[in-house]
Protein chains: 2
Amino acid sequence: MIETANRDRRAERREATKAEIVDAAWALARAEGLAAVSLRDIAKAVGMQAPSLYGYFGSKHEIYDAMFAMGAQQFVDAEPWDEMTGDALHDVRCIVHYVVRFCSEDIARYQLLFQRTIPGFEPSAASFAISEGNLARLGEQLARVGITDPRAIDLFTALSAGLANQQISNDPGGDRWIRLIDDAVAMYVQYMTGVGEDPQPTDRSTDQLTDQRTGGAPR
Amino acid sequence: MIETANRDRRAERREATKAEIVDAAWALARAEGLAAVSLRDIAKAVGMQAPSLYGYFGSKHEIYDAMFAMGAQQFVDAEPWDEMTGDALHDVRCIVHYVVRFCSEDIARYQLLFQRTIPGFEPSAASFAISEGNLARLGEQLARVGITDPRAIDLFTALSAGLANQQISNDPGGDRWIRLIDDAVAMYVQYMTGVGEDPQPTDRSTDQLTDQRTGGAPR
DNA sequence: GTCTATATTTGGATAGAC
DNA sequence: GTCTATCCAAATATAGAC
């Protein structure tokens, strides 16, 4: 019994140290860029020498994999699905806001999770499963507001990815494309659900994009 | 006179060699990834030793810069603007097709031109000017079909970038998002120009995405 | 578990002969 | 202009002492 207790304590300590290492790696990635992360710097950040890291991870790629899993898990944890109302416009808007903010608030995380920027790195099956779960739950939510066609879902991901990508690439730290989300979602939902219900819905929605803020200089 | 002629020939030869080096660098980037390009490999590809490259470029970043300029110039050269008709739907569709194909047919080029994947590299003013010219001409074309609002243009770039990004990241070599372009453009143009002109335009367009190809399994 | 020491590889870049 | 030789730095990873 005492032995088991000791083992548990040791295992807990070990997991805590691993988490500390991954946290340090993320901090470095955010500060210096994902590709600039080195074992030396990680070790220095946690008060170790580089070789000591091999007591916790078998290779640098294993650290990347743990980072990947952590990032994907963060997406799960902050999911906005208790805010869903069943109204398509509101719910889709809410989801896209969440996705774009999640991507643009941490570019390094975005690159590791959604781009292929680390040469030779691929997430393990376990880590990748977290990501696939995210996509599946997203599909469920879209289905709940009546969007079930695979092509419609692909268009949704393209729209979200495009807004996030432009925000990150062309206005990092700003909100130039974030401010477009509501209009983009209006366009999408309108196209998906049909606008025939409202006699003249185009007047208002078109104005939002073509007449409003015409004088506003984009960054 | 003879001296000038000799100088010209030498200059031409020099430019030809520089072009050869940049071509080799691009070939390596496409084969091994942008970050995996090394001076040694470039030199080997053109039949030189690594230090000889410094007779043509002052640093590796200068080679990246020349690659950037070449990629941006390729975008100019293949521009589809002699195919413009003045019809918004047709022209926008044509432009998006061009952009998405340009991006997805060469991922290394896409990464260098549109993502920030090389740590510490920024294009020179001259190279960047080519890119800005591209964006400006794109804006002119959109204006010609009545899309002038900065926000509308931003939404256009987001939509194009999103389709290209998803195509590259999730279906490289395929056409899963390329096949969505026509629908995406219909959605966009419909939202921009207003659908009030057509009594019931939503029936057809909605069907395209929600009912058509429902059984088609996405990759 | 952590360290020091080191192997190994691979880069970019420079010096100087030819 | 191109070469050989070399420098220097940085990175991953391993061996073995403590």
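In the text below, chain A, chain B and the rest are named by the order of the sequence lines, each starting its count at 1. Owing to the predicted nature of the structure, the values given are computational and were not obtained by experimental measurement.
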Compare every heavy atom of Gln111(B) with every heavy atom of Thr117(B), then report the nearest pair and how far apart it is. CG2-O, 3.7 Å

When rounded to whole Å, the CD to P distance for the pair Glu20(A) and dT2(C) reads 10 Å

Listed in order of residue number, which residues of residues 34-51 of chain A have a non-hydrogen atom at under 4.0 Å from DNA chain D? Val37(A), Ser38(A), Leu39(A), Arg40(A), Pro51(A)

Does any part of the side chain of Lys60(A), heavy atoms only, come nearer than 4.5 Å to the side chain of Ile42(A), both counted from C-beta? no

Atom CG of Leu28(A) to atom P of dA11(D): distance rounded to whole Å? 11 Å

Distance test, side-chain N/O of Ser52(B) to OP1/OP2 of dC3(D), below 4.0 Å: yes

is_close_aromatic(Tyr98(A), Phe75(A)), centroid dist under 6.0 Å: yes

Using residues 17-29 of chain A as the side-chain source, report each donor-acceptor pair under 3.5 Å to any protein atom, sequence neighbours left out, with the distance given to one decimal.
residue: Thr17(A); atom: OG1; partner: Arg13(A); partner atom: O; Å: 3.0
residue: Trp26(A); atom: NE1; partner: Met67(A); partner atom: O; Å: 3.3

Measuring only between side-chain heavy atoms, which start at C-beta, is Glu32(A) closer than 4.5 Å to Val37(A)? no

So if I take residues 56-66 of chain A and measure heavy-atom distances to DNA chain D, which residues fall below 4.0 Å? Ser59(A), Lys60(A)

Expressed as a whole number of angstroms, how long is the span from Ile21(B):CD1 to dT2(D):P? 8 Å

Identify whether any heavy atom of Arg14(A) sits under 4.0 Å from a base atom; if not, whether one sits that close to sugar-phosphate; answer base, sugar-phosphate or nothing. sugar-phosphate

Could you tell me whether the side chain of Asn165(B) reaches within less than 4.5 Å of the side chain of Tyr110(B), counting heavy atoms only? yes

Taking the side chain as everything from C-beta on, heavy atoms only, tell me whether Phe156(A) gets closer than 4.5 Å to Val96(A). yes

Rounded distance in Å - OH (Tyr54(A)) to P (dT12(D)): 7 Å

Assess Arg109(B) against Phe68(B): is NZ or CZ under 6.0 Å from the centre of the six-membered ring, and within 45 degrees of the ring's axis? no

Check the distance between dG1(C)'s C1' and Leu53(A)'s CG and give it to me in whole angstrom. 12 Å

